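As structure tokens, the structure follows; a few thoughts come after it.
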Amino acid sequence: MSEAEHRVPIDTGPQPAAEGIAARALRLRGATYLAGLNPDQRCAVETLDGPVLVLAGAGTGKTRVLTTRIAHILNLGRARPAEILAVTFTNKAAREMKDRVGQMIGQVVEGMPWLDTFHAIGVKILRRHAELVGLRSDFTILDTDDQIRLIKQLLEFEKLDEQRWPARVFAALLEGWKNRGLAPDQVPAIEAVSFANGKGKALYQAYQQRLKTLNAADFGDLLLECIRLFRQHPDILRQYQERFKFILVDEYQDTNTAQYLWLKLLAQPRSSPDAPGAATAGDEGAERGRSPDVGPRLHTNICCVGDDDQSIYGWRGADVDNILRFEHDFPGARIIRLETNYRSTGHIVAAAAHLIAHNRGRLGKTLRAEGGPGEKVQVTACWDSEDEARAIGEEIEAMQRAARENGADHPLDEIAILVRASFQMREFEDRFIQIGLPFRVIGGPRFYERAEIRDALAYLRVIAQPADDLAFERILNVPKRGLGDAALQMLNEVARRKRIPLLEAARLLGASGEMKPKPRAALRALVDCFDRWRGLGAKIPHAKLAEIVLDESGYTEMWQRDRSADAAGRLENLKELIRSMEEFENLTGFLEHIALVTDADGGEGGEAVNIMTLHAAKGLEFDTVFLPGWEDGLFPHQRSLDEEGHAGLEEERRLAHVGLTRARKRARIYFATNRRIHGLWTSTIPSRFLDELPPDNVEVTEARTGGFGMAAYGASRFDEMTAFGSNYGTPGWRRAQGRRGAGADEASAAEARVEAAERGRRPASRLVSRPGQAGDAGRGGHPLRARRAPPLIEGALIAKSTGTVSQFAVGERVFHQKFGNGNVIAVDGNKLTVAFDKAGEKRVVDRFLERV
DNA sequence: TGCCCGCCCGTTTTT
DNA sequence: CGGGCGGGCA
């Protein structure tokens, strides 16, 4: 399609035909699409001409404005769908926008070819003009994994000590340069010298060289090469400038410098001969600093939507300055603020707004809540992270009970636990497994990044693209076929000498007598396989081909024979991969898709509490949000403070703001006073962000467990606490303080001490694997309120209270997502004790198990 | 070639 | 404290 579209006359404007029935139908819908907007939103939608910056606070209808704006442009006939460039960061956001625009404008208009992620659009442009940047149009897109391996090769070739100069360090450096739009000769001298005694720049050059040989581009190149293309070929740039009558950018606060430069080039339409001179190398500073003098500017219909208070990706190259500098970059820009929050209740909005007001570098917005005040933001102190997980688990169960009593229910999907760092998740997973609370972890290792998937893909890549050396190298000896380092070295040597791909080198070596018979035979077999598979590819569906490849290569068998815990899961993943291939027309299409789309997307049904990082939560919303771990050093994170100083603190604060504003009805903050850091128990200080919350909108409570166990505190620790407590005089807080006094609860104090001591001894083994003792649950009181009862007893009580009988029997073979395969060795209600092959003995709830 | 031991490190992550 | 990786040894 690229060729055909290429020739479509570019500047035909609205066509008369569009004014017919379809347009009238659209008009009718138009009456509704504008009606529901508030005045600010409406202004953001209707201000079509000139640069516009929409500062959209959390929950103020950002996506709605973007999509309505597109609908509006189309409805007025100001542009056709193919003349609107709309960029997002993630595939998810792009998909959502496509869906919503589709809904608004109905089937009357064809889809929008230029609504996509920065990278997807970059690829689209590059494939059309690949020759001009030294690539072929079927170039491969490398991911981080490939990159690292490529860099390792380069370092080896340069005889650099991998210990002193690790590949990933260089990869990070490289990424940073590319994020900033720097070509090898533009890298600042100091930075170029900083790696491998001044070899940084040369390595960058060699790396780019190698990419061209491999006919490959990395993620950074998808934008950088576009920029280079635009600068070196003003005629091509002009084509695109004229085509895109309107440009829309989502999440502008997250753009990095390369994306900024890319946008800026496209958003300077019909600029007079700005051309090669001004546009070639070395003027990064100039372009960014002053506003480039580019002659008569006719229209820059660019609309950027973002929120400087939600910029949380500085560490990966996003430059908040881009949004702060907007007016300067696009003179005459309109700035429209969306400040009415439709998502959260009053106290939550007030708390978030007050917190973020402590930041200095911001454009300034005042969020207002639409709805009533709702519940105050709760702040709860816990003894340690285990206590924190227990408290939150019980809170969730209590909420469900309460809802049930009211005949309502609080769906688990509407609950999220947002952590700063992923290691915090484990505690919740463990606890929820124990009490049988369904949860799902969002984030984690991504589907397409798993080793088995990448191995399978490598086979397919070699079939589709015989010159893909990285892919070939990856599977050369996977599964093991006796082609180790020695063989690879020979291959590399031949390939380099003859300037041919590894696969071709393999063919030569397989035919010649240079190699020892064994590896030679293996090599020949492999090459034959690839020849056969490629031939087959033309005849059978690609999903079927993949299946055959995995079988014949011995790859499936390799995992079938593997006895480790996750082998079953890996085989499952491979099946899933083949299933997902069926949705694509051909192998190339599929490979392109997976190169750019990495979100496995958690749409998996089923009622479950969501556990994820704060970063992963951006853009999402939930009725109830739990925010654990608000301790200085963890949140704000120490490393952020150390490395980025005040800027780092402000970004952490924005993260806190993002966290709070995810909540519709309930936001609950927790902190622990003790946490294990790098294996050591450390006492912690409550997050400074707590003191930045407005007291009137906050309620300080004690944990439901009552497990805070103040009596177990040393005096000094409590003194640290008072810095926090002094701000509050709520009953809950006073109660907690009161408990500090002697004898308030001798028994529990003793219990807490014992337990603390016990934890000190074996903090890691978490009371899970002592199934024998589950029986004596003879204590009174509600199981959930059981004060400091040993968790096992608590677990048993819950199991009994659910009244279910397990469908599993002792001796059965079962599979668990996290622990792998194992044998049931005890059954107790719906709780089973399973001896896992790898993970050892665990107590798990039966619903997490499958029969094998 | 494969396994094991020891060392090092330990925040966030999309494309 | 525990996981991952790399080097060294069998």
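Every chain is numbered from 1 and lettered A, B, ... according to where its sequence line falls, protein lines coming before strand lines. As the structure is a computational prediction, the values presented were derived from the model and not from experiment. Quick note: numbers below take in every heavy atom, side chains included, and nothing from hydrogens, waters or symmetry partners.
In this entry the distance linking OH of A:Y313 with P of B:dT12 reads 11 Å, nearest Å. Look at CG on A:L222: it is 16 Å from P on B:dT14, rounded to the nearest Å. B:dT13 atom C1' lies 12 Å from atom NZ of A:K618, rounded to whole Å. For the pair A:E175 CD and B:dT12 P, the computed distance is 15 Å after rounding to whole Å. Between the NZ atom of A:K178 and the P atom of B:dT15 there is a distance of 18 Å, given to the nearest Å. To the nearest angstrom, C1' of B:dT15 lies 15 Å from CG of A:D145.
In the displayed structure, A:E156 atom CD is contacted under 6.0 Å by at most 12 heavy atoms of other residues, nucleotides or ligands. Within a 6.0 Å radius of NZ in A:K212, other residues, nucleotides and ligands contribute more than 12 heavy atoms.
One P atom belongs to B:dT11, the other to C:dG4, and the distance between them is 15 Å to the nearest Å. Across the C1' atoms, C:dC5 and B:dT12 are found 23 Å apart, a figure rounded to whole Å.
Partners of A:R362 according to the salt bridge (charged side-chain N to carboxylate O under 4.0 Å, His left out) rule, which considers only residues two or more places apart in sequence or in another chain, are A:D309.
At a cut-off of 3.5 Å, with distance as the only test, a side-chain donor of A:D218 or A:Y207 sits close to an acceptor on the other residue.
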Could you go through nucleotides 1-6 of chain B and list every protein N or O atom that sits under 3.5 Å from one of its N or O atoms, giving the distance for each pair?
from	atom 1	to	atom 2	distance (Å)
B:dT1	OP1	A:G482	O	3.1
B:dT1	OP1	A:L483	N	3.2
B:dT1	OP1	A:G484	N	2.7
B:dT1	OP2	A:G484	N	3.4

Between N or O atoms, less than 3.5 Å apart, protein on one side and nucleotides 7-11 of chain B on the other: list the pairs.
from	atom 1	to	atom 2	distance (Å)
B:dT11	OP1	A:R639	NH1	2.5
B:dT11	O4'	A:H637	NE2	3.1
B:dT11	O2	A:R420	NH1	2.4
B:dT11	O2	A:R420	NH2	2.6

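Below 30°, between 30° and 60°, or above 60°: for A:F230 and A:Y240 the angle between ring planes is between 30° and 60°, a tilted geometry. Ring orientation note: the planes of A:Y448 and A:F590 are nearly perpendicular, at an angle over 60° on the 30°/60° scale.
Summarising the geometry, atom OG1 belonging to A:T63 is positioned 6.0 Å from atom CG belonging to A:D250; distances are rounded to the nearest 0.5 Å. For the atom pair A:W262 CH2 and A:I121 CD1, the distance stands at 5.0 Å (nearest 0.5 Å).
Note on A:K518: nothing from the nucleic acid sits closer than 4.0 angstrom, heavy atoms only. Here A:Q424 lies out of heavy-atom contact (under 4.0 Å) with every strand.
Checking A:I312 against A:T144, the closest nucleotide of DNA chain B that is more toward the 5' end is the one next to A:I312.
At the phosphate of B:dT15, OP1 or OP2 sits under 4.0 Å from a side-chain N or O atom of A:N91. Taking only side-chain nitrogens and oxygens, A:K92 never comes nearer than 4.0 Å to OP1 or OP2 of B:dT13.
Between A:F689 and A:F671, the closest side-chain pair of non-hydrogen atoms is not below 4.5 Å.
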